[in-house]
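All remarks here apply to the structure that follows.
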Amino acid sequence: MASRALLVLLASLAFSFLLSGSVEAQGLSVGFYSKTCPSAEAIVFDEMSKIIKLAPSLAGPLLRMHFHDCFVRGCDASVLLNSTKGNVAEKDARPNLSLRGYGVIDRVKSKLEKACPGVVSCADILALVARDVVVLSKGPFWPVWTGRRDGFVSIANETKQLPPPTSNITTLISMFAAKGLSVKDLVVLSGGHTIGISHCSSFNDRLYNFTGKANLADIDPTLEKHYLAKLRTICKPNDAVTFVEMDPGSFRTFDTGYYKQVSKRRGVFHSDEALLEHPLTKAYILKHAAAPESEFFKDFGDSMISMGNIGVLTGSAGEIRKKCSVIN
Ligand code: HEM
């Protein structure tokens with residue numbers, strides 16, 4: 001009897017091992033282009049290495065672009081489509097007005113079209129570029145699951161599904177859950193704010209008129225006071241032009257600097273600060289403010305893979321766009 005139970009256990013272990021060893025999930029796979037365009041990933045990395053060397057400040061917006069793509073209609077490159085007569089696209093909606101780097105995606109796409117015409121989707125380019133800018137900023141490598149296809153639709157109004165920087169913890173958790181992402185994914189992916197910049201306009205409400213009293217001394221009391229004073233010297237009320245480094249001093253290096261900042265209540269957004277209001281996210285921040293990078297790096301790769309799975313189009317759904325900004 002005992003040996004039969006053991007056999008069943010071994011069989012189920014072998015089965016789950018087979019499952020975990022499999023690269024197929026939701027129609028995506030690692031190395032999807034290995035036969036149809038074997039050099040696809042090398043072409044992307046090579047192009048991104050040249051671009052980031054010349055313009056390192058593009059790493060931030062290109063990582064953010066994949067997030068903004070995946071949270072609206074899934075990772076289908078809807079963020080790249082231009083507005084048309086009668087339709088305002090995601091690109092022209094408020095949260096995306098500060099995105100940059102569309103020209104980079106076009107440049108990578110045209111290299112890929114030369115090597116293998118009509119094969120590599122714009123949605124996969126966004127996922128590969130996001131990974132490569134992290135690697136090129138000294139962050140982790142993770143295997144990108146590919147095989148996404150490009151969508152036909154992009155609607156400005158749907159960018160409401162992107163969490164605003166004023167979000168509290170309840171809103172953040174529910175907006176991530178709506179995309180199938182966990183509380184852990186939320187705190188791990190927020191670590192993306194270790195690179196890049198934010199415009200003053202994204203957090204000025206914390207520096208002035210916080211409770212709407214039309215009083216310049218009305219500040220967000222949860223923001224550490226010396227940092228707040230510094231931000232107020234940089235950002236003037238209604239300043240729409242100036243920007244700050246989100247992880248000052250190492251905003252071009254992918255590291256655990258974000259958690260160090262947030263643990264000192266120096267996260268620029270209310271949504272960063274809000275992560276200290278939930279036991280799980282708070283514990284993660286405090287741990288990773290001091291821990292070696294390796295665990296965060298592994299977690300970040302895993303959460304990026306989960307984010308990259310949101311609402312993907314595979315098989316015969318969607319299309320492979322010839323130009324990323326317009327449908328074929
Ligand atoms: C948790 C909810 C999130 C909120 C509320 C949020 C909000 C924002 C805002 C308001 C900005 C500044 C835009 C500007 O003023 O120029 C920003 C920048 C950025 N975000 Fe997030 N974000 C979130 C999650 C994420 C995720 C999941 C990633 C990627 C994994 C990400 C990556 C970035 C990066 C890299 C930048 C810098 C962009 C640049 O340098 O131009 N964010 N985010």
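Both ligands and their constituent atoms are indexed starting at 1 by order of listing.
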- Message: Does N328, at its CG atom, have more than 12 non-hydrogen atoms belonging to other residues, nucleotides or ligands within less than 6.0 Å?
- Response: yes
- Look at the aromatic rings of F210 and H270 and report parallel, tilted or perpendicular, splitting at 30° and 60°. tilted
- With sequence neighbours left out, write down each residue that passes side-chain hydrogen bond (donor to acceptor under 3.5 Å, both in side chains) with D220, or none if nothing qualifies. R206, T222
- Within 45° of the six-membered ring axis of Y227 and under 6.0 Å from that ring's centre, is NZ or CZ of K264 located there? no
- Min side-chain heavy-atom separation V120-V44 under 4.5 Å: no
Please tabulate, one line per pair, the protein nitrogen or oxygen atoms found under 3.5 angstrom from a nitrogen or oxygen of ligand 1, with distances to 0.1 Å, or say none if there are no such pairs.
from: ligand 1; atom 1: 15 (O); to: H199; atom 2: N; distance (Å): 2.8
from: ligand 1; atom 1: 15 (O); to: H199; atom 2: ND1; distance (Å): 3.4
from: ligand 1; atom 1: 15 (O); to: S202; atom 2: OG; distance (Å): 2.6
from: ligand 1; atom 1: 16 (O); to: H199; atom 2: ND1; distance (Å): 2.6
from: ligand 1; atom 1: 20 (N); to: H193; atom 2: NE2; distance (Å): 3.0
from: ligand 1; atom 1: 22 (N); to: H193; atom 2: NE2; distance (Å): 2.9
from: ligand 1; atom 1: 40 (O); to: I197; atom 2: N; distance (Å): 2.9
from: ligand 1; atom 1: 42 (N); to: H193; atom 2: NE2; distance (Å): 2.9
from: ligand 1; atom 1: 43 (N); to: H193; atom 2: NE2; distance (Å): 3.0

- Measure the spacing between CD of E113 and CZ of R321 and express it to the nearest 0.5 Å. 12.0 Å
